[in-house]
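Have a look at the structure below before the remarks.
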Amino acid sequence: MKLFARTKPAPVIERRGGPRSRVNCLATMLMPSGNRTGRLFDISTTGARLLIDEPPPMGVSAILDWTMRDAYCHVIWTKPGMCGVEFDRPLPQGVIDELVNEAGAGPGANVRPVSGDQTGGLNPAPPRRFVG
């Protein structure tokens with residue numbers, strides 16, 4: 001009876017441009033409507049996932065700012081407490097490697113979003129910028 005025959009599921013199309021690396025560091029989304037602070041959860045050369053209390057709506061453009069780096073991006077998906085961004089230009093792999101060495105979280109890390117004055121259990125120094 002063909003009615004109950006098993007069929008092979010359609011292959012899932014991978015939309016990511018590269019492998020993600022798990023990290024745990026403070027990040028700020030700089031937007032005309034106001035800045036929002038959260039935590040980078042994972043990152044690749046083409047995008048990142050942020051844990052953030054009030055994620056901006058899908059389609060919003062922003063500057064993602066984290067420890068001494070920033071990148072233009074736009075929000076491509078949101079869920080309660082997190083969002084995904086795609087970078088306008090791919091980041092160099094060296095930038096990703098540097099961030100993983102500084103703030104790598106590993107596969108089983110307990111990463112929490114920032115709420116109020118909490119920093120998810122970490123107290124990193126505020127980012128410093130070089131004024132040129």
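For clarity, every value in this text was computed on a predicted model and none was experimentally measured. Start at 1 with the first residue, then count along the sequence.
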Fill in: Considering all heavy atoms, the nearest W66-L91 contact
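Heavy atoms of W66 and L91 come nearest at CH2-CD1, 3.9 Å.
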Practice prompt. Might you point out which heavy atoms bring P55 and K79 nearest each other, and give the distance in Å?
Written response: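 Minimum heavy-atom separation between P55 and K79: CG-O, 3.4 Å.
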Point-to-point distance, once rounded to the nearest 0.5 Å, from [atom1] of [X] to [atom2] of [Y]:
X   : Y   : atom1 : atom2 : value
C73 : E86 : SG    : CD    : 9.5 Å
M82 : L51 : CE    : CG    : 5.5 Å
W77 : R49 : CH2   : CZ    : 5.5 Å

Item to complete: Dump the intermediate steps for side chain to side chain contact (heavy atoms under 4.5 Å, CB included) on V85 and I76, then the final yes or no.
Response: CA-CA 5 Å; V85 298; I76 58 172; 5.9 Å; no
Going only through I, L, V, M, F, W and Y residues with side-chain contacts under 4.5 Å, is there a path from [X] to [Y]?
X   : Y   : answer
L50 : I63 : no
V75 : M31 : yes
L30 : Y72 : yes
M58 : I52 : no

Fill in: Sidechain-backbone polar pair: R36 side chain, T28 backbone, donor-acceptor under 3.5 Å
no
Considering only heavy atoms from C-beta outward, does the side chain of [X] approach that of [Y] to under 4.5 Å?
X   : Y   : value
L64 : L40 : yes
C83 : P56 : yes
I96 : V23 : no

Worksheet item: Is E102 atom CD crowded by more than 12 heavy atoms from other residues, nucleotides or ligands, each under 6.0 Å away?
Response: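 Atom CD in E102 is crowded, with more than 12 foreign heavy atoms closer than 6.0 Å.
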Worksheet item: Is there a salt bridge (Lys or Arg N to Asp or Glu O under 4.0 Å) between D42 and R22 once you walk through the steps?
Response: CA-CA 4 Å; D42 62 28; R22 181 74 64 91; 5.3 Å; no
Worksheet item: What pairs with E98 under salt bridge (charged side-chain N to carboxylate O under 4.0 Å, His left out), at least two apart in sequence or on another chain?
Response: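 Salt bridge (charged side-chain N to carboxylate O under 4.0 Å, His left out) check on E98 returns R69.
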Fill in: Residue pair M29, N35: steps toward the side chain to side chain contact (heavy atoms under 4.5 Å, CB included) verdict
CA-CA 6 Å; M29 293 185 77; N35 300 343; over 6 Å; no
Item to complete: Could you pull out all residues at least two apart from D97 that satisfy side-chain hydrogen bond (donor to acceptor under 3.5 Å, both in side chains)?
Response: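 With sequence neighbours excluded, D97 shows a side-chain hydrogen bond (donor to acceptor under 3.5 Å, both in side chains) to Q93, given in chain and number order.
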Worksheet item: Which one of T45, I43, T46 satisfies the side chain to side chain contact (heavy atoms under 4.5 Å, CB included) criterion with F87?
Response: I43
